[in-house]
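All remarks here apply to the structure that follows.
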Number of protein chains: 2
Amino acid sequence: MIHDNSQSHHNHNQCIKTALATAETLCTEQGQRLTKVRRRALELIWESHRPLGAYQLLAKLAEEGFNSAPPTVYRALDFLLNAGLIHKVESMNAYLGCAHADKAHKGYFLICDQCHNVMEFDYQDIHASLIEKAAQQGFELRSETIELIGLCASCQSAAASAGASA
Amino acid sequence: MIHDNSQSHHNHNQCIKTALATAETLCTEQGQRLTKVRRRALELIWESHRPLGAYQLLAKLAEEGFNSAPPTVYRALDFLLNAGLIHKVESMNAYLGCAHADKAHKGYFLICDQCHNVMEFDYQDIHASLIEKAAQQGFELRSETIELIGLCASCQSAAASAGASA
DNA sequence: AGAGTTTTGTTATGGTATAACAATTAAAAC
DNA sequence: GTTTTAATTGTTATACCATAACAAAACTCT
């Protein structure tokens with residue numbers, strides 16, 4: 001249940017195609033319109049191998065002839081967020097394609113401090129524990145921001161070999 | 001293990017005193033300087049019953065004769081964050097006094113959508129699960145952002161009675 | 001085609017955060 | 001106790017993130 005854009009063995013083009021196809025299906029089912037700018041925004045977010053900032057995305061859209069004012073990108077992002085097609089990584093103010101848009105779920109992230117790659121993971125046990133913990137406080141849970149910051153495996157080995165030579 | 005600034009039975013002045021005393025001790029122990037502006041920033045954050053934005057804090061500091069340019073407040077916030085004396089609530093871009101600065105811990109938050117009060121909780125089970133989950137991916141965990149958004153008990157009852165009368 | 005709704009264009013502004021360098025203050029070394 | 005060094009603060013400028021408000025255009029439905 002891990003989606004890691006950074007791995008080289010990962011066929012990312014296929015992911016993008018799948019994500020776009022899923023998006024089309026979901027939007028059609030729900031009577032939502034995946035307009036040109038929304039569709040292209042989703043594609044660009046997926047094409048990036050790490051979370052994309054709103055203004056980075058806006059610049060890419062502008063290059064392609066879309067309107068270059070901020071509301072353009074924020075509207076597209078709002079739509080995609082509401083449709084569950086992307087997640088926002090709060091601690092980075094950046095946006096990431098969601099690999100499981102067809103299933104209701106929360107986005108839990110492992111974020112590498114060093115290379116800024118992000119892995120999404122799904123952890124039902126933790127989700128259940130959090131709901132329960134919240135309920136104990138009389139709290140009704142609506143959404144969760146779970147972002148784990150640290151060093152990914154490849155940055156750890158890079159750091160280790162750099163340390164060894166020093 | 002719950003710290004809830006919003007509860008009326010909570011003697012918040014005592015909390016502030018305790019927090020400041022702890023801060024003094026910790027800084028002294030670690031050879032850190034709790035300067036006037038840092039100390040006052042920490043106090044002001046504690047005096048707020050909900051997370052305080054950087055510019056809100058800056059305005060309060062400016063009223064008291066401190067320098068009114070943004071770096072003033074961001075430097076104080078950086079210091080307090082690094083010292084573990086406050087937490088940043090990423091999903092609100094706001095800062096909150098930490099009730100357990102003397103113990104190494106992660107800040108886990110329950111944030112009410114409606115009244116914006118925040119409860120901090122500490123949940124060792126979840127922390128352990130997260131470390132383990134990260135390790136399975138070869139990921140070395142450094143910090144965690146766990147923010148649960150929803151409706152607190154009192155806003156739920158308010159909503160229920162409003163709904164009943166409608 | 002016309003009425004209503006959704007989406008997009010456009011201008012302006014508000015909120016969050018940092019870079020870069022100068023001046024000052026505190027601490028350490030002598 | 002003065003010099004040297006390091007840490008902190010002052011100051012100006014700027015970059016980045018996000019939304020308000022209203023006008024224009026495009027789509028949907030009948």
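Every chain is numbered from 1 and lettered A, B, ... according to where its sequence line falls, protein lines coming before strand lines.
The backbone N or O of A:Ala153 lies less than 3.5 Å from a partner atom in the side chain of A:Ser157, making a donor-acceptor pair. Between the side chain of B:Thr72 and the backbone N or O of B:Ser68 there is no donor-acceptor pair closer than 3.5 Å. Here the side chain of A:Glu147 pairs no donor or acceptor atom with the backbone of B:Thr145 at under 3.5 angstrom.
Ring planes of A:His12 and A:Trp46: tilted class, angle from 30 to 60°.
Protein atom CZ of A:Phe79 is 7 Å distant from nucleotide atom P of C:dT7, rounded to whole Å. Nucleotide C:dT7 holds its P atom 12 Å from the CG atom of A:Leu80, rounded to whole Å. The interatomic distance linking B:Asn82 (CG) with D:dT8 (C1') rounds to 15 Å, in whole Å. Rounded to whole angstrom, the span from the CZ atom of A:Arg38 across to the C1' atom of C:dT8 amounts to 9 Å. Taking atom CZ on B:Arg40 and atom P on D:dT9, their separation rounds to 16 Å, with Å as the unit. Between A:Leu34 atom CG and C:dT8 atom P the separation is 10 Å, expressed in whole Å.
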Do any side-chain atoms of residues 55-65 of chain A form donor-acceptor pairs under 3.5 angstrom with protein atoms, and if so which ones, sequence neighbours left out?
from    : atom 1 : to      : atom 2 : distance (Å)
A:Gln56 : OE1    : A:Gly53 : N      : 2.7
A:Glu64 : OE1    : A:Arg40 : NE     : 2.7
A:Glu64 : OE2    : A:Arg40 : NE     : 3.2
A:Glu64 : OE2    : A:Arg40 : NH2    : 2.9

| said: For nucleotides 14-19 of chain C, give me one character per nucleotide, 5' to 3': B if any protein heavy atom sits under 4.0 Å from the base, S if the only such contacts are to the sugar-phosphate, - if neither. | reply: --BBBB
| message | At under 4.0 Å between heavy atoms, how does the protein contact nucleotides 23-30 of chain C? Give one character per nucleotide, 5' to 3', with B, S or -. | response | ---S----
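Legend: residues meeting salt bridge (charged side-chain N to carboxylate O under 4.0 Å, His left out) with B:Glu90, ordered by chain and number and at least two apart, are B:Lys88. Considering only residues two or more places apart in sequence or on other chains, B:Arg75 meets the salt bridge (charged side-chain N to carboxylate O under 4.0 Å, His left out) condition with none of them.
Rounded to 10 degrees, the angle between the two end axes of the helix from C:dA1-D:dT30 to C:dC30-D:dG1 is 40°, with five pairs used at each end.
B:Cys112 is not listed as a side-chain neighbour of B:Val118, based on a closest heavy-atom distance of 4.5 Å or more. A 4.5 Å side-chain heavy-atom check between B:Tyr95 and B:Leu81 finds at least one atom pair inside the cut-off.
When each of D:dT8, D:dG10, C:dT8 is scored by its nearest atom to the side-chain atoms of B:Asn67, the top-ranked nucleotide is D:dG10.
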